[in-house]
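Before any comments, here is the structure.
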2 protein chains.
Amino acid sequence: MTRPAKRATSVDVARAAGVSQTTVSFVLNNKPGQTIPEETRRRVLEAAKRLDYRPHASARALAAGRSDIVLFSMPYLPISVSAGRFAEEFATALAGHGLTMVAHLAGVHGRSLADVCASVDASALVGLEEFAPDTVSALRRVGVAAVFSLGGGSAVPDRLIGRLQAEHLISRGHRRLGYALPGQRAPRRMATERLLGMEEACTDAGCAPPAALTVDLLTTDAARAVAEWQAQSVTAVAAYNDETALAVLAGARARNLTVPGELAVIGVDDIPTATLAVPPLTTIAFDLSHAARHAAEAVAAALRGGEAQQPELASRPHVVERDSA
Amino acid sequence: MTRPAKRATSVDVARAAGVSQTTVSFVLNNKPGQTIPEETRRRVLEAAKRLDYRPHASARALAAGRSDIVLFSMPYLPISVSAGRFAEEFATALAGHGLTMVAHLAGVHGRSLADVCASVDASALVGLEEFAPDTVSALRRVGVAAVFSLGGGSAVPDRLIGRLQAEHLISRGHRRLGYALPGQRAPRRMATERLLGMEEACTDAGCAPPAALTVDLLTTDAARAVAEWQAQSVTAVAAYNDETALAVLAGARARNLTVPGELAVIGVDDIPTATLAVPPLTTIAFDLSHAARHAAEAVAAALRGGEAQQPELASRPHVVERDSA
DNA sequence: ATGAAAGCGCTAACAG
DNA sequence: CTGTTAGCGCTTTCAT
């Protein structure tokens with residue numbers, strides 16, 4: 001089943017094109033500061049294509065001193081629809097920068113993040129949560145040049161999102177708000193950031209701070225939370241994301257509350273199923289793929305030694321009004 | 001932020017231990033057929049630890065001719081709870097064999113599977129679906145030594161699972177069965193395999209073949225499917241997995257059918273939320289982590305050149321009776 | 001504008 | 001039992 005079949009090397013290409021290996025390297029990598037005549041470049045490219053040449057990643061990484069691999073630290077599964085989409089879009093955006101994203105799953109035992117980075121010779125690590133200081137130093141020791149934790153608001157304007165949710169609810173006349181935090185396993189950082197934005201908005205409007213409760217993606221758990229909110233006379237709740245909001249909706253129905261009459265609900269993400277809920281879910285939409293491109297840009301910049309690019313304003317998140325709030 | 005900090009190399013270890021680089025390589029890789037005195041081995045190990053030595057993956061791969069990286073081709077997100085757990089357990093099991101699993105997400109554009117494999121210098125690729133023939137040859141060309149598609153029944157006894165579902169339903173007196181296939185984006189192979197098992201059981205019992213319908217994870221879509229089943233006088237349905245079964249449950253409720261009275265439902269996987277459904281979901285349980293270890297073992301064997309090990313009988317899947325069927 | 005040559009860090013014959 | 005010696009395939013000065 002295993003037919004080695006000798007891969008073509010850059011020497012082969014050089015020979016086929018009648019140039020030196022150096023030249024091949026120059027044209028294939030588009031080395032700046034080199035003056036390669038069009039004719040030569042064409043010959044090399046043509047030979048490479050003809051031989052179906054693929055540079056050997058390990059050899060390249062060894063010689064260059066760093067790979068083009070970015071390891072994405074995936075949160076515990078299952079993840080939200082938009083976290084998944086973010087990862088996909090992020091990988092796509094990185095590919096545009098010549099970088100290859102590959103994921104490591106939290107929930108894998110017997111291999112630390114540093115182990116994995118070392119094994120794949122990653123030059124960057126990106127995660128949704130903050131990494132522990134000693135994890136970071138371990139990473140540096142294995143040669144990871146850049147470590148990014150998104151979710152502090154660097155990729156998505158979390159603070160603003162929370163604020164928008166609160167403002168929408170308050171504009172609808174609600175004064176006593178609730179906040180639905182995601183279940184235990186979910187990334188906490190973005191959630192607390194959004195909650196913070198909500199708290200700010202409440203303060204600004206002179207409302208009491210929101211009653212934050214963790215709600216798992218189970219009708220039973222959501223019903224419990226809804227009951228607690230009722231006890232605190234909460235009339236509207238903002239959820240960390242649409243999945244959680246959907247759970248709240250289900251919890252409200254289980255407790256026979258009308259939505260938005262007795263309890264208004266607003267989510268975040270505008271996932272496809274939000275429109276299909278009963279009632280359709282009011283939510284906050286924002287350009288996820290833009291956030292992903294933004295993050296990819298930052299990683300690429302860090303890797304090429306340059307500093308982060310300018311903020312490049314994200315399309316502002318906005319409320320998508322439907323019937324739940 | 002980027003502090004290179006010169007990593008220790010095997011030469012450093014050799015020097016520190018007062019031996020040659022070769023010896024270091026031998027003891028660190030536990031090279032068979034070598035007789036290293038305990039004392040020397042100890043010195044090397046100690047020096048390595050003291051210097052916090054980590055072999056450079058790229059260098060190792062370049063010299064050895066192959067890496068210890070296994071790329072897992074993740075299905076389109078979101079995936080089922082158990083597909084996720086499988087991936088995690090699989091990675092864990094591979095780690096036990098000294099292999100590092102890393103995932104590539106379907107849904108990433110601008111990078112083919114072969115591209116990614118080449119970029120990370122993977123020596124094996126594992127997926128849940130069959131790979132297209134030309135994909136496989138492209139993979140071979142970039143040096144991937146082993147390509148595995150689980151989901152044909154090689155990791156999980158899908159056929160048997162379908163059969164068990166049908167037999168359970170039939171034993172409950174049902175003669176007209178329905179089958180709920182997963183939504184479009186889900187891996188199809190395992191589903192068709194399970195459906196096949198179910199068909200066999202129906203034939204054996206002299207029942208009509210099951211009415212298979214695709215149902216998305218939406219109450220509305222499930223309600224539609226339930227209506228179709230009703231029209232065909234189906235009294236019991238087996239679902240591809242618990243998530244789908246849960247959707248069917250919701251669909252039945254939406255159509256005001258009692259479960260299991262008017263419609264019996266059985267899932268597969270025994271995910272945590274199965275017990276929390278109303279009524280609690282009857283399902284098929286099996287040892288997922290065993291399946292993962294089994295698959296890991298096969299990959300490790302293929303990579304070390306040996307052939308697959310003996311079947312190593314999996315713990316038989318079995319019905320977990322609850323109230324939905 | 002192009003090539004020669006020196007490694008990157010590690011493995012693996014092959015000697016001794 | 002251990003060290004010497006070649007590379008693995010590519011990048012990158014430094015000459016030419």
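Side chains included, hydrogens not; waters and symmetry mates left out as well; all remaining heavy atoms used. Reminder, nothing fancy here: chain letters follow the sequence lines and each chain counts from 1.
With sequence neighbours excluded, no residue satisfies side chain to side chain donor-acceptor pair (under 3.5 Å) with Arg66(A). Asp52(B) pairs by the salt bridge (charged side-chain N to carboxylate O under 4.0 Å, His left out) definition with Arg141(A), not counting sequence neighbours.
Between Ser20(B) and dT2(D) there is no side-chain N or O to OP1 or OP2 distance below 4.0 Å. Side-chain N/O atoms of Thr23(B) include one lying less than 4.0 angstrom from OP1 or OP2 on dG3(D).
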(request) Could you check Leu150(A) against Arg189(A) for side-chain contact (heavy atoms from CB on, under 4.5 Å), going step by step and ending with a plain yes or no? (result) CA-CA 9 Å; Leu150(A) 275 20; Arg189(A) 188 68 195 289; over 6 Å; no
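Per the geometry, CG belonging to Asp68(B) stands 13 Å off C1' belonging to dC10(C), to the nearest Å. Distance, Glu39(B) CD to dC1(D) C1': 14 Å, rounded to whole Å. Distance Asp121(B) CG to dC8(D) P: 16 Å, rounded to the nearest Å.
The closest donor-acceptor contact from the side chain of Glu193(B) to the backbone of Gly151(B) lies at 3.5 Å or more, if one exists at all.
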(request) Starting at the 5' end of nucleotides 9-16 of chain D, put B wherever the base has a protein heavy atom under 4.0 Å, S where only the sugar-phosphate does, and a dash everywhere else. (result) BBBBB---
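Within a 6.0 Å radius of CZ in Arg185(A), no more than 12 heavy atoms belonging to other residues, nucleotides or ligands are found.
The residue Val19(A) sits close only to the backbone: its heavy atoms come under 4.0 Å of sugar-phosphate atoms, none of a base.
Side-chain contact annotation: Ser58(A) with Ser58(B), donor-acceptor N/O pair under 3.5 Å absent.
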